Amino acid sequence: MRVELLYADGDPASMDARQNLVEVLTEDAFETPIQMVAVTSAEDAVLLDMRGTPMIRIDGVDIQPDWQGPVGMQPRDYGDGPVPPKDLIRRAVKRARGWSHARR
């Protein structure tokens, strides 16, 4: 499983997002490296198809696959703020592993 965390350089929410991601992977007994991708320009955001910061992808799929926010380095809102909640991350991990038909 390939796990990426894309974030705008200097985004304070990125470390909280990483912490939630690490906790979910640890709870589910995954020893998967997290590729941290610091995005430093709008051009790089377009190249990487980053839709707000921070953004987590698992096997190339956004943890919110139906989310259609704009490409760019703007803060992303996960409903309760800019940090993706653990339950959203956990559902994405389960989808990627094929463990269930987890709801989005």
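Model, not experiment: these values are computed from the prediction. Basis for what follows: all heavy atoms, side chains included, without hydrogens, waters or symmetry-related copies.
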To the nearest 0.5 Å, what is the distance between CZ on R2 and CD1 on I34? 14.0 Å
How long is the straight-line distance from CG of D62 back to CD of Q68, given to the nearest 0.5 Å? 9.0 Å
[X] with [Y], same ILVMFWY side-chain cluster at under 4.5 Å:
| X | Y | result |
| --- | --- | --- |
| V37 | Y7 | no |
| I58 | M36 | yes |
| V61 | L25 | no |
| L6 | I63 | no |
| M50 | V3 | no |

What residues form a side chain to side chain donor-acceptor pair (under 3.5 Å) with N20, not counting sequence neighbours? none
Does any part of the side chain of T53, heavy atoms only, come nearer than 4.5 Å to the side chain of V39, both counted from C-beta? no
With a 4.5 Å limit on heavy-atom distance, are the side chains of L48 and M55 in contact? no
Mind listing the closest non-hydrogen atom pair of [X] and [Y] along with its distance?
| X | Y | value |
| --- | --- | --- |
| M73 | A8 | CE-CB, 3.8 Å |
| L5 | A17 | CD1-CB, 3.8 Å |
| I56 | Y78 | N-OH, 4.2 Å |

Distance-only donor-acceptor hits, side chain of residues 80-87, under 3.5 Å, sequence neighbours excluded:
residue	atom	partner	partner atom	Å
K86	NZ	E23	OE1	2.8
K86	NZ	E27	OE2	3.4
D87	OD2	R91	NH1	3.3

Between V93 and M1, does a side-chain contact (heavy atoms from CB on, under 4.5 Å) hold up when you go through it step by step? CA-CA 9 Å; V93 168; M1 183 166 64; 4.2 Å; yes
Listing request: all side-chain hydrogen bond (donor to acceptor under 3.5 Å, both in side chains) pairs with a residue in residues 30-39, at least two apart in sequence or in separate chains. none
Does anything in residues 35-59 form a salt bridge (charged side-chain N to carboxylate O under 4.0 Å, His left out)? List the pairs, not counting sequence neighbours. E4-R57, D49-R51
Can you list every pair that meets salt bridge (charged side-chain N to carboxylate O under 4.0 Å, His left out) and has a residue in residues 6-22, with sequence neighbours left out? none
Besides V46, the hydrophobic cluster formed by Ile, Leu, Val, Met, Phe, Trp and Tyr side chains linked at under 4.5 Å, directly or via other members, contains V71
